[in-house]
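Here's the structure, in C-alpha cells; my notes come after.
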Protein chains: 2
Amino acid sequence: MHCFMKEGVTDILKKSGLSLTDSRKRILHFFLESSNALAHSDIEKLSGDQFDRVTIYRTLQIFVEKGIIHTIPSADNAVRYALCQSECSAGHHHDEHVHFVCDVCGATFCLQHTAIPQVQLPNGFKLRQVDVLASGKCNQCA
Amino acid sequence: MHCFMKEGVTDILKKSGLSLTDSRKRILHFFLESSNALAHSDIEKLSGDQFDRVTIYRTLQIFVEKGIIHTIPSADNAVRYALCQSECSAGHHHDEHVHFVCDVCGATFCLQHTAIPQVQLPNGFKLRQVDVLASGKCNQCA
DNA sequence: GTAACTGCAAAATATTTGCATCCTT
DNA sequence: AAGGATGCAAATATTTTGCAGTTAC
C-alpha cells in the first residue's frame, strides 16, 4: 500500500504516466492539502479561476482513470472527489472506506480508519464493492 | 410501519396531503410497479413524454418532501429515486437500507431485508444516518 | 371560486466536444 | 520535433424559475 501523503505531486503524476503540467500539479496539490473531498466548483475557487472549466473537467477525469482520485457517491447530485489512499491502479479502484458528509458544513471526509462493515446480499447477488456513506455532524460542527 | 405496496396511489397521495392529479397518480404508479429505482429519465420514457420535464422535476421533488420517495446516493452522478418503505414522514426520511446497483444492467434496488451494519465514527463525529451502496451483479445478471 | 398544479418559455447551470495553439518531453 | 494538454467557442444536457392558463376540490 502506498501512501500519497508522503509522495510529492510530481512523483504521483510520473508514476501514473501523466505529463507534468501546471494544472495537473496544482489540482493534485489541492487534493493533497485538503482534508476533505473536493467538487469541481471547489477547485475552481481554489485556483482563483486560473484554469478553464474544461481543463478541470478533463484533469479530474484523467485522475480518476489513473487511480489517483475517486468519486464519492452522494445523494445530492454533486460529484465530489477525494484522493485514493490504497492500492488503486488505472481502472481499478479499491476505496472501500467510509465516507462521511457533514450536514452542517457540507464537508465530505474519507474515514480511513473506520472499518467497512460486512454486507449480506440476497441469493443470486454477486458483491463487487461496498460504499458506506455516513452523514451527521463532523467534529468541527458537532 | 406502513407498507405502500398494499395501498393504492390515491391513498398515498391523500395521506400526504397532495391533490390527485394525473401526473402525480401516474408517476407514483410507476414507482409502485417498478421493482427498482427510477431516474428522471426513466420516468420520461415510461410516460412516453406525456408530461413536461418540469412537471416531473416538481413531482419528484414534492414526493421527496412528503416522504413518499427518497433519493439514492450514487457514484455516477445520476439521481435515482425509490419508494420509501418504512416510517417516513414529511421532511424525515428513515431509509437506512442497503442499496444495490447492478454493474451490468444498471438497475438499482433497495434491499429491504439486508441489515444495515454498524458504523463506528471517530471521536467528535455525530452520526445521523448511514447509507450503504453495494454494487456487483444482480440476480438477473450474475 | 380559489388555491394549487401544469405547461411553455426562458434563464441558469453543468458537462461534452472540436479545433487551433501551446507546452512537455 | 511530435504528441499531448490547454483554452476558447460552441454544442448538448440538466435543472430552475416565472407566469399564464387549467384543474382539483
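Naming convention: chains lettered A, B, ... in sequence-line order (proteins, then strands); numbering from 1 in each chain. The figures that follow rest on heavy atoms only: side chains count, while hydrogens, waters and symmetry mates do not.
Between B:Thr55 and the phosphate of C:dG7, there is a side-chain N or O to OP1/OP2 separation shorter than 4.0 Å.
Taking every side-chain heavy atom of A:Thr21 into account, D:dT6 is the closest of C:dA9, D:dC8, D:dT6. Checking C:dT15, D:dT15, D:dA9 against the side-chain heavy atoms of A:Tyr57 singles out C:dT15 as nearest. Nearest to the side chain of A:Ser23, among C:dT16, D:dT6, C:dC8, sits D:dT6.
Look at CD on A:Glu44: it is 12 Å from P on C:dT13, rounded to the nearest Å. Distance A:Ile62 CD1 to D:dG4 P: 11 Å, rounded to the nearest Å. The distance between atom CZ of A:Phe51 and atom C1' of D:dC8, rounded to the nearest whole Å, is 16 Å. Taking atom CZ of residue A:Phe63 and atom P of nucleotide D:dA5, one finds them 11 Å apart after rounding to whole Å. Rounded to whole angstrom, the span from the CG atom of B:Asp49 across to the P atom of C:dC8 amounts to 12 Å. Whole-Å rounding puts the A:Leu18 CG to D:dA5 P distance at 7 Å. If you measure from atom NZ of A:Lys25 to atom P of C:dC23, you get 13 Å, rounded to the nearest angstrom. Rounded to an integer number of Å, the gap from A:Asp42 CG to C:dA14 C1' is 15 Å.
Residue B:Arg53 places no side-chain atom within donor-acceptor reach of the base of C:dG7, judged by atom type and a 3.5 Å distance cut-off alone. Applying the 3.5 Å distance criterion, the base of D:dG4 shares no donor-acceptor pair with the side chain of A:Arg58.
Here the rule is side-chain contact (heavy atoms from CB on, under 4.5 Å) with B:Ile43, and of B:Tyr57, B:Phe30, B:Phe51 only B:Phe30 fits it.
Using cut-offs of 30° and 60° for the angle between ring planes, the A:Phe100 and A:Phe109 rings count as tilted. Ring-plane geometry between A:His70 and A:His99 is classed as tilted, the angle between the planes lying from 30 to 60 degrees on a 0 to 90 degree scale.
Between B:Asp52 and A:Lys14, the residue anchored closer to the 5' end of DNA chain C is B:Asp52, taking for each the nucleotide with the nearest heavy atom. Each of B:Ser19 and A:Asp22 was matched to the nucleotide of DNA chain D holding its nearest heavy atom; the match closer to the 5' end belongs to A:Asp22. Comparing B:Gln61 and B:Leu20 by the nucleotide of DNA chain D whose heavy atom lies nearest to each, the residue mapping closer to the 5' end is B:Gln61.
Not less than 6.0 angstrom separates the ring centroid of B:Tyr81 from the ring centroid of B:Phe63.
Here OG1 of B:Thr71 is found 12.0 Å from CD of B:Gln61. Values are rounded to the nearest 0.5 Å.
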